[in-house]
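Right, one structure below, let's go through it.
Computed from a predicted structure; not experimentally measured. So that the names make sense, note that chain A is the first sequence line, chain B the second, and so on, each numbered from 1.
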Amino acid sequence: MAAPTKPKPSATKSPASPAKKSTQSGGGSSTPSVLQGSTSGKNWFEEGGDASGWKRGGEKWQTLHHNGVIFPPLYEAHKVPLTYDDKDILLPVDCEEVATMFAAMKNTDYAKKEIFQKNFMKSWRRVLKGHAETEHIKHFNKCNFTKMAEHLADQAEIKKAMTGDQKKAAKAERDRLEEPFAFAVVDGRKEKLGNFRVEPPGLFRGRGEHPKMGQLKARIFPEDITINLSEDAEVPQVPDIGDGKKHKWGEVVHKNTVTWLCKWKDSINGEDKCVWLSANSSWKGMSDMAKYEKARKLKDHIAQVRKDYAADMKSSDVARQQKGVTVYLIDRLALRVGGEKDTDEEADTVGCCSLRVEHVKECATENMLHLNFLGKDSIEYDNTTEVIPEVMELIKKFQKKKKPTDNLFDTVQPTVLNDYFHTIMDGLSAKVFRTYNASITLCSELAKTDAQVSQSMKDKKGAEAALYEYYNIANKNVAELCNHQKAASPAHDAAMEKLREKVATMELELKAVKKEKNASKTSQLEKRIDKAKEDMEMKDRLKNVSLGTSKINYNDPRITVAWCKRHDVPIHKPFPKTLLSKFSWAMAIEPEFKF
DNA sequence: AGCACCACTTAGGAGGCAAAAT
DNA sequence: ATTTTGCCTCCTAAGTGGTGCT
C-alpha cells in the first residue's frame, strides 16, 4: 500500500534538519498535537488511531518547518510591438507585460467579451498612463495584438520542438531547484506541499459572467507574504526575485491552530491565498476521514431530520415552512446551501437558500418540479424531479406576489439551517448532506451489483472489465446527483459518428453471415454489436459528466476499497496513483464495510 | 443580529504525457 | 510510425461554515 508520505532517500537536507530535536522529544511539549505519538514512523491511521482528534481551531502541530514559497520570474521584454491605430509602437516593459497577457488570451472566449475587454483596458490604462509615449493608447478597438500573439505562438512552437529527452532534462532541473520548497517538516514528519508557487500576475479569468474578468491580478512580492512556522524554525531566506532589490517577508507568525504555511492577499477579491499541504498529507487525510465519519453519523439522525421537515411544512408559520422546504431540497436533491452573493463583485450563481422565483417551475405532470439555475462555477443545474405534494404547494405559495428575481425563500439563510442542524447532531451542517447522499448512493448502487455480479460474472473472461463498468455506472449516478459536469470534448461528436459507422459496418457483416447460416459466427457478431452499442451510449451519456469530483471529494473511499476486495478488482482501477496515496488511510478496511 | 474575517473544502479547465488506435 | 484519445497533474477560482466583534 502506498504510504501517504514516502521519504525520498535522495532528499536534500533542508528543510529536514531543523526538525530533529522535536522528533527526539516526541513533540517536545506537554500539550499534544493531533499527531503526537506518530514519531514511530507509522502513519496516523496505522496506530489504531482515527481522526477524532481533528478539530477546527484545535492544535495542529508542535513544530513546523518549511522553506516558504517560490516566486514567478520577473517579466522579460520581447520587444515585439503593439499595433495601435495601424502604427507599430514599442511599449515600455511594464506596458508590454500587460499587453502580452492579453495577446496570450486573444483567441479565447474570454477576450471576446465586452466586460473582459473593458476591465482589461482599465487595468492596462493605469500602466499606460505612467508613460508619456503610451498615454494616448486609450481605445481597445484601435489595439491590434497580432504581432505579439504571433511571437507567443513562435515561442510555443520552439518549446514544442524540444525532444523528449530535452523536455525531461528541463523538468528534472526544475524539480531539483524546487525540491527544497516541495516539502515541509511537521512534528518531525516530512510532508509534501500541495502548492508552493506564488501565483503569477495575469488577467483574471472568472467563471461564468464574472464582473471582474479581465482585471489585472497583481504581482505578489515577499512583502505581501505571511509565513507561518514554529518559533524554533529558521525563517526561510527571502529569495532573490531578480529585481536587484532587498526584500523582506510581510510577516512571520507562529499559529499552530491552523494548517497553512504561507498566505497572501489576492488583489482581485482581497481574499487569502494559502499554501497548504498536499492531499496525501496527514492533515488532509485526518480531515477527510473525519468528514466521512461525520457523514456516516448522519444516518442515525436522518429520520429525525425528515420528520422535522414534514412537520415544518405542516406548520402555519411561513419561516418554518420555508425552512422545511429548503431542508427537503438539500436532503433529497443534494443542493448546496447557497449563501448570499454580491453580484457587483461576483458571478450571479445560487444555491438552495438563494434560489429565486425564476429558477423553479411547476411542470404539467403532477408533482414534477423543474429547477434551472446556475450553481457553483456557473454550472447549470437543470433537473425535473418528483417532489412530495406539500413541497409543490408551498413553493407555489412562496412564489405568489413576487417578481421572478425575488428570493423564493426570503426567510431562510444558511445560518438558519445550520443552527437547526447543530441541534440535530454535533458538527452537522448543510454540506454534510451532500457527502452523505453521495456516499450512501455509491454504497447502495454497488451493493445492488453485488448479487448480479457474483452470479453472472465470476470466472468469466472479461469479468474484471465488466465489473469495473458497474463501478463506473455507480460513480456516474453519484456525479449526476451532485451535478458534477465537464465540458464535452470538442472531438466528441466526430468520435460518436465514427463509432456509429463502425456499428453500421458490423451490421452489414451480420447480414452476410446470417445468409451463410453460420450460427456461431452470427451470435458472436451480435454480441459484439450489442457491446459496441452499449459502449456508445455510455460514452455519450458521460460526455459532460465529471466522475472525478465525486471520487475525490464525496465518495467515502472505504466503500470503493471494500467493493474492490469483495470482487477482486485491483484497487488501482478506480484509484490511480495519486488517489491511492490520498486515500491510504482507507486501504485496510474490511470487505464487508458499509457506509 | 449582522457582518467581516478567516480557514478550509470543493470545483472545472488547461496542458502535458502516455497509452491506444490506426 | 503517427495520430488520437484519455488520463493525470497543476492551477486557481468558488464555494461552505465557524468565530468573534459591534
- Item | Closest-nucleotide ordering on DNA chain C, the 5'-leading residue of A:Glu271 and A:Arg197 |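 In this pair, the answer is A:Arg197.
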- Item | Closest-nucleotide ordering on DNA chain C, the 5'-leading residue of A:Leu428 and A:Asn269 |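 The residue mapped nearer the 5' terminus is A:Asn269.
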Side chain of [X] (C-beta onward), nearest among [options]:
X: A:Glu199; options: C:dA13, C:dT5, B:dG12; result: C:dA13
X: A:Phe204; options: C:dA13, B:dC17, C:dG17; result: C:dA13
X: A:Pro200; options: C:dT12, C:dT9, B:dG12; result: C:dT12

- Query: Quick one, which residues of residues 408-424 of chain A touch DNA chain C with a heavy atom under 4.0 Å?
  - Reply: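 A:Asn418, A:His422, in order of number.
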- Tell me which residues in residues 334-352 of chain A put a heavy atom below 4.0 Å from DNA chain C, sorted by number, or none.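 Under 4.0 Å from DNA chain C: A:Arg336, A:Val337, A:Gly338, A:Gly339, A:Lys341, A:Thr349.
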- Query: How long is the span from the NZ atom in A:Lys539 to the CG atom in A:Leu499, to the nearest 0.5 Å?
  - Reply: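 Those atoms lie 6.0 Å apart.
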- Message: Parallel, tilted or perpendicular: which one describes the rings of A:Phe116 and A:Phe102, with boundaries at 30° and 60°?
- Response: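 Tilted: the ring planes of A:Phe116 and A:Phe102 meet at 30° to 60°.
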- Message: Below the 4.0 Å mark, does C:dA14 have OP1 or OP2 next to a side-chain nitrogen or oxygen of A:His210?
- Response: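 Yes, because at least one side-chain N or O of A:His210 sits under 4.0 Å from OP1 or OP2 of C:dA14.
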- Answer yes or no: does a side-chain N or O of A:Arg207 lie under 4.0 Å from OP1 or OP2 of B:dT10?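 So the side-chain polar atoms of A:Arg207 never come under 4.0 Å of the phosphate oxygens OP1 or OP2 of B:dT10.
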- Starting at the 5' end of DNA chain B, which residue's closest nucleotide do you reach first, A:Lys171 or A:Tyr554?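 Taking each residue's closest nucleotide, the earlier one in sequence belongs to A:Tyr554.
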Protein-nucleotides 4-9 of chain B N/O pairs closer than 3.5 Å?
residue: B:dA7; atom: OP1; partner: A:Lys255; partner atom: NZ; Å: 2.7
residue: B:dA7; atom: OP1; partner: A:Trp260; partner atom: NE1; Å: 3.3
residue: B:dA7; atom: OP2; partner: A:Trp260; partner atom: NE1; Å: 3.1
residue: B:dA7; atom: OP2; partner: A:Lys263; partner atom: NZ; Å: 2.5
residue: B:dA7; atom: N3; partner: A:Arg56; partner atom: NH2; Å: 3.1
residue: B:dC8; atom: OP2; partner: A:Thr259; partner atom: N; Å: 2.8
residue: B:dC8; atom: OP2; partner: A:Thr259; partner atom: OG1; Å: 3.0
residue: B:dT9; atom: OP1; partner: A:Ser287; partner atom: OG; Å: 2.6
residue: B:dT9; atom: OP2; partner: A:Lys284; partner atom: NZ; Å: 2.7
residue: B:dT9; atom: O3'; partner: A:Lys431; partner atom: NZ; Å: 3.3

- Query: How would you label the contact of A:Gln485 with the nucleic acid (heavy atoms, under 4.0 Å): base, sugar-phosphate, or nothing?
  - Reply: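 Sugar-phosphate: the residue A:Gln485, judged by heavy atoms under 4.0 Å, touches backbone atoms but no base.
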- Query: Can you check side chain to side chain donor-acceptor pair (under 3.5 Å) on A:Arg332 and A:Tyr309, steps first, answer last?
  - Reply: CA-CA 12 Å; A:Arg332 296 298 178 177; A:Tyr309 65 60; 3.2 Å; yes
